[in-house]
Amino acid sequence: MAKETFASGIGLERLTESQKKAVLHKDGPLLVLAGPGSGKTRVITCRIAALIEAGVRPYNICAITFTNKAADEMRQRVATSGAAGGVHISTFHSLCVRILRRYGENARIKPNFSIYDDADQKRCMKQAVKACNVDMTNFVPARMLNIVSGLKNDLEDVEAVAGRADDYFSKTLARIYTAYERILAANNALDFDDLLLRTAFLLRDFPDIRAELNGRFKYLLVDEYQDTNHSQYQIAKGLAIGHGNICVTGDPDQSIYRWRGADIGNILAFETDWPDAAVVKLEENFRSSPNILEMADKLIAFNMKRKVKSLIATRPRGQDVQIRGFADVAAESEAVAGQIKAAMEAGANLNEIAVFYRVNSMSRALEEAFIDEQIPYQVVRGIEFYARKEIRDMLGYLKLMVNPADDVAFLRAVGTHPRGIGKATLERIAGFGKINGVGMYEAARQSGRIETIGVGGRGRIAVFVGMIEGLRGDEPGKVAEVMERVFEESGLENYLLSAGEKEQGAVENINELINAAGRYDETAEDGSLVDYLQSIALYSDTDAYEPASGKVSLMTLHAAKGLEFENVYIVGVEDGLLPHERSAGSVDEIEEERRLLFVGMTRAKAGLNISYARYRTIYGQFLRSRCSQFLYEVGYDEDDDFDEEPAESSDGKSSCDMELEEERSDVFAVGQRVGHKKFGIGVVKEFHDLGANSIVVVRFQSGKTKSLMVQYAKLMRVRS
DNA sequence: GTGAATCATCTTTTT
DNA sequence: GATGATTCAC
C-alpha cells in the first residue's frame, strides 16, 4: 500500500492527509464522518480502487448507496477509475431484492414476488382495514400504513406487535397488521419495507446464508449511513459480522429521513458497535465559499442534539448569500426566473443552477415563470412517469403474467379499458376466489363455475384469461418485445388509438416505456421479466435527474442530497413550509427541518439565494405567510428588506388586498373562485344577472352554500 | 349491470 | 388541483 499512485491513475498526492487515511485503511471497521463538500464521493471511489489495488477481488466488494442514481454514478466513477467491473454497487433495496430472489425460498418467499409501491400498498391496507370490520374514520388506511411501515422499519413483525398489544387501539392495530400481511402473502407480494425486513430476518435466522454472504461480500461500504433505519442497520451488521470489514460514511448533520425511520443513533453509535473502529473526520469543505459556509454553520449550530463540528472553508471568499422576501409566490418565481434568465444571457451554464423547495407542489409556480422566460428546466420527480395511469396499466399486465397470484395486478389489467367486465362481475370473481382459497386470476380461469355470472360475462372473462394465457405461453423474450405484444394483444393499443388525440399522450408514454425497456434489455445482466419488474419498482423519479441536460434543475430539498451546483436558489423558506407545519410538533422534527435547509444551503458552490413569499396560495387559499424562523437564526432581519414591497399601504391594507380589490367586478362566472370576509373561500355555483340586484350562489369551503346579493357581499375574486 | 360524470376530500419529504 | 368514491345516466 506504499505506492502513491494507483494503476487507475488516482493520485494519492491530490488527497488531503485525512482523505488518504480513509482511502488506505484496508481491514476492519472504519467510520468516515464527512461534512458537506468534503470530497466524500471521491474518497469512496478511491477506496474501492485502493482495495482492488491491494489485491481484493472486485467481486468481493459491496458498496451501498442511498439512491439508484448515486449507485449509477458510482458505478461509472469506479469503471473510469480503472477498477474492473464486478464490484456490487446498489441501494439497500436493490441488494435485498437480489438476496431474496436467491435465498428467499428458505423463508417461503417465491422468487417471482411482486413489489408493491405505495398505491398498491394503500389498496391492500384499505382491504385489510375493511376485513377487520373497524371504523375507517378511526383507522384511516393511510395512517395505518404509516404505522405499519414504522413497525417494519423497526423490525417488529406481527407476532411482536400482537404479543404486547394491551389496549383497544394496539389490539386493533395488530389485527389490521395481520390482515395486511395476509393479503400481501396471498398476492405473493412484498412492500418496500418487507424487502428490508425479510432480508434482515433471513440474515438473522439462517447462519449459513449469512456466512455465504459474508464470504461473497468481504468488504462492505455504506454511504449516507446517517440515514439508515433499523432494518438497514441490521442488514449492514449481518453482512459484515463475519469479517468486520465495514466502512460507513455519513454526516449526522445531513440526516433528513428520520420520518422514514432513519436513526441518527446508528452513526453516532458506530464506535460502540465496532469498538476497534478507526474514525476519520473530513471537515474541510472544498465546495462552497466561506460566505455560504458561515451561514450554514450558524444555522446548524441551533441544533442542540448534535456533535459539534466545524466546517472548514478552503475556497476564497465570494458573493454574499442573498435573502429576499416577495409579495407573493408569483413575484418570487418571476424574480428567480428573471435572475436566472439574466445569468443565462450572460452565458451561465444551466447545469450549474438549481432551485430547491420543500414540497413538490411548489414546482408549479416556478415552471410557469420558467416557461414565460423560456428557460429550459427539468423537474426532478415532477411528473412521476411510472405512476401514470397508462404506464401502471401496462405494468399491470406484465405483473399478472409473472405473478398470477397478484390480485392488484389482475384488477389493474382488467380495468385498463372497458371490456365488459365491471364492478359486480369482479366482486363475484373475488367472492369465488375467497371461498375457494385462490386468487382472482385463478378464479377467473374457472369462471365457468361461477353461477352468478351470466353467459355473456363468462365469455368476456374467458377472452381476457385466454389473452393472458397466450402471452404467458409465449417464449420468454426481450422485455421490450413482450411489452409490444402485450400492448397490442391486450386491446389497449386499439382502444387508445381509437380514442384519438385525447389519448395520444398515453400512447407516446407507452412507446417511451417500451424504449426504456429496450435500454434495459441491452444493459441488464439478468434480462428476465421478473427482474425487469422488480428493478422498475425500485426506480424513483429522482433517478431521472440528468446532470448534463443543459437545463436548470428543480427539485425538493430531499432530492438535492448528494448534489452540488454553482448557483442555488431555495424558495419558500417560510414558517409552515420550512419548517413544515406537519413537522413542527417536536424539537426533533424542527431540528430535522433545520438540517434540511442546511443540506440545501451547502449544495451551493458560489451563489446562494434564499427567498420567501409574504402571501402564498395553499390548498386554494390565498394566505398570509411569514418568513421562516431559520432566517432569523442566520441573522436576517425582515425590516431591512424594503425593496420589494412596503409592509402596509396608507389605508392600512397590504398590497395584496389591493390587488384583490382591483379585480372586483359585478359579474361572476360559474366555477369562479371567490373570497368572502366572513365565509372565506368558495366557488360560484350560480349567477343571476339582475343588474344592480344580481344574485350569486356560492358554495364555501366550510360546506355551506349561500345566496348572496352581489352589491352587499363584497366578494373578491381569487386566483385558483 | 356498466361506464361516465360529478362530488368530496386531502394535500411533506421517498426507497 | 389531483384522486377516489359516489351518484347518475344508459
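Order of the sequence lines fixes the chain letters, A, B, ..., with proteins taken first and strands second; residue numbering starts at 1 for each chain.
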Of A:G422 and A:S361, the one whose closest nucleotide on DNA chain B sits nearer the 5' end is A:G422

Would you kindly compare A:V359 and A:S94 by the position of their nearest DNA chain B nucleotide and give the one closer to the 5′ end? A:V359

Between [X] and [Y], a side-chain donor and acceptor under 3.5 Å:
X	Y	result
A:Q226	A:E224	yes
A:Y612	A:E332	no
A:D588	A:S586	no

Where does the angle between the aromatic ring planes of A:F66 and A:Y257 fall among parallel (under 30°), tilted (30 to 60°) and perpendicular (over 60°)? tilted

Could you check A:E591, A:R258, A:E589, A:E593 and say which one makes a side-chain hydrogen bond (donor to acceptor under 3.5 Å, both in side chains) with A:S583? A:E593

Side-chain N or O of [X] closer than 4.0 Å to phosphate OP1/OP2 of [N]:
X	N	result
A:T556	B:dT14	yes
A:N360	B:dT11	no
A:R364	C:dA2	yes
A:T425	B:dT2	yes

Rounded to whole Å, please give me the gap between [atom1] in [X] and [atom2] in [N].
X	N	atom1	atom2	result
A:L597	B:dT13	CG	C1'	14 Å
A:M362	B:dT13	CE	P	11 Å
A:D117	B:dT14	CG	C1'	12 Å
A:D72	B:dT15	CG	P	13 Å
A:F356	B:dT13	CZ	C1'	15 Å
A:L426	B:dG3	CG	C1'	13 Å
A:N146	B:dT11	CG	C1'	14 Å
A:L145	B:dT14	CG	C1'	13 Å

Under the side-chain contact (heavy atoms from CB on, under 4.5 Å) test, residues paired with A:A424 that sit two or more places apart: none

Option passing salt bridge (Lys or Arg N to Asp or Glu O under 4.0 Å) with A:R412 (candidates A:D393, A:D117, A:D120): A:D393

Residue [X], side-chain heavy atoms: nucleotide from [options] that is nearest:
X	options	result
A:R358	B:dT2, B:dG3, B:dT12	B:dT12
A:F192	B:dT15, C:dA2, B:dT2	B:dT15
A:Y257	B:dT14, B:dG3, C:dG1	B:dT14

Can you check whether A:W259 stacks with the B:dT13 base, using ring centres under 5.5 Å and planes within 30°? yes

Ring stacking, A:H580 with base of B:dT12, under 5.5 Å and under 30°? yes

Applying a 4.0 Å non-hydrogen cut-off, can you work out what A:G420 is touching in the nucleic acid: base, sugar-phosphate, or nothing? sugar-phosphate

Could you tell me whether A:F92 contacts a base, only the sugar-phosphate backbone, or nothing, with contacts defined as non-hydrogen atoms closer than 4.0 Å? nothing

Listed once per pair and sorted, the side chain to side chain donor-acceptor pair (under 3.5 Å) pairs that draw on residues 594-604 of chain A, sequence neighbours left out: A:Q254-A:R603, A:N303-A:R594, A:E592-A:R595, A:R594-A:E633

Base of B:dT12 paired with side chain of A:R582 (donor-acceptor, under 3.5 Å): no

Taking only nitrogen or oxygen atoms into account, show me every contact under 3.5 Å that the protein makes with nucleotides 4-10 of chain C, one pair per line with its distance.
{"unit_1": "C:dG4", "atom_1": "O3'", "unit_2": "A:K126", "atom_2": "NZ", "d": "3.4"}
{"unit_1": "C:dA5", "atom_1": "OP1", "unit_2": "A:K126", "atom_2": "NZ", "d": "2.2"}

